[in-house]
Amino acid sequence: MTKSDRLNDRELRAWRGFLTMQDDVRRHMNRQLTSEAGISLAEFSILSALRLQPDRPMRVFELVDTLKWEKSRIIHQLSRMVRRGLVERRASEEDGRGTDIALTAEGRGVIDKALPLHIDHIRRLFFDVVTPRQLDMLADLSEAVLENLEGEPFDQ
């Protein structure tokens, strides 16, 4: 592939399509979660990360690593979620200086309600319209790009 200061028509079509699809899918998912479960996509992301660790709370740096968000974004989102009673901050049992983030009973109830609704929506929005071959190609493409990004610095 030749390097240029411009994208060719094929590259531009693929890039714009990817960005538009990503934005539209996120917007639809956020709208669905808000209307059906009363939470935003950002809240869903944090609640599901915590739900995947049922035996222990998570530290903020673990949420940063899991979600690949900036630390400040996670801290602001957590503050809103603490006020809503979805999560709680606790002094870390491992390190008295650190803070653990844990699901509250309300947060667990919300994610347990939201998860099956969300999975159904993802299937209708995404998986039902792609072929198994396209799905495999998307997985391969995603893995290749993510592998390429592994060496890139990630500012937290």
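All residue numbers refer to positions in the sequence shown, counting from 1.
- Within the 4.5 Å cutoff, the side chain of Ile122 has heavy atoms near those of the His118 side chain.
- With rounding to the nearest 0.5 angstrom, the CZ atom of Phe127 is 5.5 Å from the CG atom of Leu135.
- Salt bridge Glu106/Arg108: absent, no basic N to carboxylate O contact under 4.0 Å.
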**Report entry** Pair Asp112-Arg51, side-chain contact (heavy atoms from CB on, under 4.5 Å): steps then yes or no
**Finding:** CA-CA 9 Å; Asp112 287 349; Arg51 182 74 170 87; 2.7 Å; yes

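- Looking at heavy atoms from C-beta onward, Phe44 lies in side-chain contact with Leu115 at the 4.5 angstrom threshold.
- At a threshold of 4.5 Å between non-hydrogen side-chain atoms, the residues Ser40 and Leu33 do not count as touching.
- In this structure, the separation between OG1 on Thr131 and CG on Asp136 is 8.5 Å, given to the nearest 0.5 Å.
- Atom CZ of Arg13 has 12 or fewer heavy atoms from other residues, nucleotides or ligands within 6.0 Å.
- Between Ile101 and Arg59 the shortest side-chain heavy-atom distance does not fall below 4.5 Å.
- Both Leu149 and Leu141 are part of a single hydrophobic cluster, where members link through side-chain heavy atoms under 4.5 Å apart.
- Between the NE2 atom in His28 and the CZ atom in Phe126 there is a gap of 13.0 Å [rounded to 0.5 Å].
- Under the 4.5 Å side-chain criterion, counting only non-hydrogen atoms from C-beta, Glu43 is in contact with Leu86.
- For the residue pair Pro57 and Glu62, the shortest heavy atom distance occurs at O-OE1, 4.3 Å.
- By the 4.0 Å N-to-carboxylate-O rule, Arg16 lies too far from Glu11 to be salt-bridged with it.
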Report task. Show your reasoning for whether side-chain contact (heavy atoms from CB on, under 4.5 Å) applies to Trp69 and Ile75. Result -> CA-CA 10 Å; Trp69 293 0; Ile75 289 170; over 6 Å; no

Query raised in the report: Taking it one step at a time, do Gln77 and Ile74 satisfy side-chain contact (heavy atoms from CB on, under 4.5 Å)?
Result: CA-CA 5 Å; Gln77 185 64 54; Ile74 288 181; 5.7 Å; no

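- Transitive grouping of hydrophobic side chains (ILVMFWY, heavy atoms separated by less than 4.5 Å) brings Val129 and Met21 into a common cluster.
- With rounding to the nearest 0.5 Å, the separation of CG in Leu63 from CE in Met58 is 4.5 Å.
- Atoms CG and CG, on Asn8 and Leu12 in that order, are 8.5 Å from each other to the nearest 0.5 Å.
- Between Leu47 and Val110 there is a side-chain heavy-atom pair separated by less than 4.5 Å.
- Applying the 6.0 Å contact sphere to CG of Asp128 captures more than 12 heavy atoms from other residues, nucleotides or ligands.
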Query raised in the report: Should Leu125 and Val25 be marked as a side-chain contact (heavy atoms from CB on, under 4.5 Å) after you check the CA-CA gap, both sets of side-chain angles, and the distance that decides it?
Result: CA-CA 8 Å; Leu125 186 71; Val25 166; 4.1 Å; yes

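- In terms of heavy-atom proximity, Val87 sits nearest to Thr104 at C-CG2, 3.6 Å.
- At a threshold of 4.5 Å between non-hydrogen side-chain atoms, the residues Val60 and Thr99 do not count as touching.
- Checking Ser79 against Arg84 by side-chain atom types alone, no donor-acceptor pair falls below 3.5 Å.
- Arg31 CZ to Glu36 CD: the interatomic distance, rounded to the nearest 0.5 Å, is 11.5 Å.
- Of all non-hydrogen atoms in Val82 and Glu88, the two that sit nearest each other are CG2-CA, 4.4 Å.
- Heavy atoms only, all atoms of each residue included: Ala114 and Ile39 are closest at CB-CD1, 4.0 Å.
- Here the closest heavy-atom approach between residue Ala37 and residue Lys113 is recorded as CA-NZ, 4.2 Å.
- Following chains of ILVMFWY side-chain contacts shorter than 4.5 Å, one cannot reach Leu103 starting from Leu117, and the two form parts of different hydrophobic clusters.
- For Arg73, there are no salt bridge (charged side-chain N to carboxylate O under 4.0 Å, His left out) partners, not counting sequence neighbours.
- Here the closest heavy-atom approach between residue Ala49 and residue Thr66 is recorded as CB-CG2, 4.2 Å.
- Under the 4.0 Å criterion applied to side-chain N and carboxylate O atoms, Asp24 and Arg27 are assigned as salt-bridge partners.
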